[in-house]
Amino acid sequence: MAITTAMCTSFKQELMEAVHNFKNSGDSTFNLALYTSSATLDASTTAYTATNEVSGTGYTAKGAALTRVDPTTSGTTAFTDFDDLTFSSSSITARGALIFNDSASGDPSVCALDFGGDKTSSSGDFTIQFPTADASNAIIRIA
């Protein structure tokens with residue numbers, strides 16, 4: 001079992017099929033679900049799964065909704081990002097995460113994230129900090 005940071009291959013195809021709408025006024029709701037080190041998440045992940053999802057105080061199945069940053073461009077790169085996400089007063093341990101479209105049929109995946117090791121909160125905040133929303137760092141970039 002392993003988690004590898006990657007944009008999901010199925011997501012790339014679904015962009016061309018208009019499955020995902022990242023505009024803040026759009027109709028897509030994106031969630032971030034947390035996973036244990038026993039999970040397998042990578043570019044081949046096609047949809048949200050409850051298998052090896054974390055459980056604990058302050059966390060519910062399917063994680064939480066993300067607040068989007070409207071897509072934009074810089075040079076030849078299009079990008080979008082999300083605001084940081086906090087699971088408040090939580091007691092959980094996670095190795096990685098999956099961003100997925102909770103409003104589309106089948107909960108299709110967007111990207112898998114590897115935290116590089118287990119991260120733990122104990123009756124405290126578990127915060128996912130997203131990178132700067134620019135052409136070099138945004139969590140979703142198409143160059």
Side-chain angles (χ1 to χ4, degrees), residues 1-24 26-73 76-143:
M1 311 286 175
I3 299 174
T4 304
T5 296
M7 186 178 295
C8 299
T9 304
S10 57
F11 168 70
K12 296 172 189 177
Q13 176 180 342
E14 291 161 354
L15 282 175
M16 294 183 183
E17 297 170 342
V19 172
H20 307 280
N21 182 348
F22 284 91
K23 194 161 177 64
N24 274 332
D27 57 1
S28 294
T29 300
F30 295 92
N31 275 27
L32 182 139
L34 297 172
Y35 290 87
T36 69
S37 60
S38 297
T40 299
L41 302 171
D42 55 28
S44 68
T45 302
T46 59
Y48 162 81
T49 178
T51 304
N52 295 308
E53 186 173 7
V54 302
S55 62
T57 303
Y59 183 86
T60 57
K62 286 192 159 187
L66 293 164
T67 301
R68 294 171 281 186
V69 174
D70 273 339
T72 192
T73 61
T76 60
T77 302
F79 59 91
T80 191
D81 214 326
F82 301 97
D83 289 344
D84 293 349
L85 176 65
T86 299
F87 296 93
S88 299
S89 303
S90 63
S91 293
I92 50 180
T93 298
R95 169 59 193 241
L98 181 70
I99 296 174
F100 65 97
N101 187 339
D102 191 40
S103 57
S105 177
D107 296 330
S109 60
V110 173
C111 63
L113 305 172
D114 177 14
F115 297 159
D118 283 347
K119 305 299 179 189
T120 301
S121 64
S122 180
S123 298
D125 291 346
F126 190 102
T127 300
I128 306 298
Q129 291 183 318
F130 285 97
T132 303
D134 63 30
S136 298
N137 298 296
I139 197 74
I140 299 172
R141 299 181 308 272
I142 301 172

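Residue numbers run from 1 in the order of the sequence given.
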Undergrad: To the nearest 0.5 Å, what is the distance between CG on Asp84 and CG on Leu66?
TA: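 It comes to 10.0 Å.
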Undergrad: Classify the angle between the aromatic ring planes of Phe22 and Phe11 as parallel (below 30°), tilted (30 to 60°) or perpendicular (above 60°).
TA: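 The rings of Phe22 and Phe11 stand perpendicular, inter-plane angle above 60°.
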Undergrad: Please say whether the positively charged group of Lys119, taken as NZ for Lys or CZ for Arg, lies over the ring of Phe126, i.e. under 6.0 angstrom from the six-membered ring centre and within 45 degrees of the axis.
TA: no
Undergrad: Give the minimum heavy-atom separation between Gly116 and Asp114, together with the two atoms involved.
TA: N-OD1, 2.9 Å
Undergrad: Find out whether Val54 and Phe87 are in side-chain contact, i.e. whether some heavy atom of one side chain is under 4.5 Å from a heavy atom of the other.
TA: no
Undergrad: Main chain of Asn21, side chain of Arg68: is a donor-acceptor contact present, judged purely on distance under 3.5 Å?
TA: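 Looks like yes, one N/O pair under 3.5 Å.
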Undergrad: Looking at Lys62 and Asp102, what are the two nearest heavy atoms and their distance?
TA: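 Scanning both residues, the minimum pair turns out to be NZ-OD1, 3.0 Å.
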Undergrad: Identify the heavy atoms of Ala33 and Tyr48 that sit nearest to each other, and give their distance.
TA: CB-CE1, 4.0 Å
Undergrad: So does Asp125 get a backbone contact from the side chain of Thr86, meaning a donor-acceptor N/O pair under 3.5 Å?
TA: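 No.
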Undergrad: Roughly how far, to the nearest 0.5 Å, is CZ of Phe82 from OG1 of Thr67?
TA: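 Atom-to-atom, Thr67:OG1 and Phe82:CZ are 9.5 Å apart.
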Undergrad: According to side-chain contact (heavy atoms from CB on, under 4.5 Å), who are the partners of Ser37, at least two apart in sequence or on a separate chain?
TA: Arg95, Asp118
Undergrad: Show me the pairs that pass side-chain hydrogen bond (donor to acceptor under 3.5 Å, both in side chains) and involve residues 4-13, at least two apart or across chains.
TA: Gln13-Glu17
Undergrad: Apply the test side-chain contact (heavy atoms from CB on, under 4.5 Å) to residues Phe79 and Thr72: give CA-CA distance (whole Å), side-chain angles for both, the deciding distance (0.1 Å), then the verdict.
TA: CA-CA 6 Å; Phe79 59 91; Thr72 192; 3.2 Å; yes
Undergrad: What residue among Leu85, Asn31, Val110 forms side chain to side chain contact (heavy atoms under 4.5 Å, CB included) with Ile99?
TA: Val110
Undergrad: Side chain of Thr36, backbone of Ala94: donor and acceptor closer than 3.5 Å?
TA: no
Undergrad: Can any side-chain N or O of Ser109 pair as donor or acceptor with the backbone N or O of Thr45 at less than 3.5 Å?
TA: yes
Undergrad: Which atom pair, heavy atoms only, marks the closest approach of Phe115 to Gly96?
TA: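 In this case the closest contact between Phe115 and Gly96 is CD1-N, 3.6 Å.
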Undergrad: Quick one: OG on Ser55 to CD1 on Ile92, what's the gap to the nearest 0.5 Å?
TA: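 One gets 9.5 Å once the value is rounded to the nearest 0.5 Å.
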Undergrad: Under 4.5 Å between any side-chain heavy atoms of Leu34 and Ile128, yes or no?
TA: yes
Undergrad: Without swapping roles, check the side chain of Thr80 against the backbone of Val69 for a donor-acceptor pair under 3.5 Å.
TA: yes
Undergrad: Any idea which heavy atoms bring Leu41 and Ala97 closest together, and the distance?
TA: CD1-O, 3.8 Å
Undergrad: Is there a donor-acceptor contact under 3.5 Å from the side chain of Asn52 to the main chain of Ser38?
TA: yes
Undergrad: Do Thr57 and Ser123 have side chains that approach each other closer than 4.5 Å (heavy atoms only, starting at C-beta)?
TA: no
Undergrad: Is the side chain of Thr132 donor-acceptor paired with the backbone N or O of Asp134 at a distance under 3.5 Å, no angle test?
TA: no
Undergrad: How far does CD of Glu53 sit from CG of Leu98, to the nearest 0.5 angstrom?
TA: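 Rounded to the nearest 0.5 Å, the CD-CG separation comes out at 9.5 Å.
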Undergrad: Report the residues that fulfil side-chain contact (heavy atoms from CB on, under 4.5 Å) with Ser103, sequence neighbours left out, ordered by chain and then residue number.
TA: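 Ser28, Thr29, Asn101.
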Undergrad: Should Cys8 and Glu14 count as side-chain neighbours, where that means a heavy-atom distance under 4.5 Å?
TA: no
Undergrad: Which atoms form the tightest heavy-atom contact between Thr77 and Arg141, and what is the distance?
TA: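 Scanning both residues completely, I find the closest heavy atoms to be CG2-CB, 4.2 Å.
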Undergrad: Can you check whether Ile3's main-chain N or O pairs, donor with acceptor, with Tyr35's side chain at less than 3.5 Å?
TA: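 No; zero donor-acceptor contacts below 3.5 Å.
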Undergrad: Please report the interatomic distance CZ(Phe100) to OG1(Thr49), rounded to the nearest 0.5 Å.
TA: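 That separation rounds to 10.5 Å.
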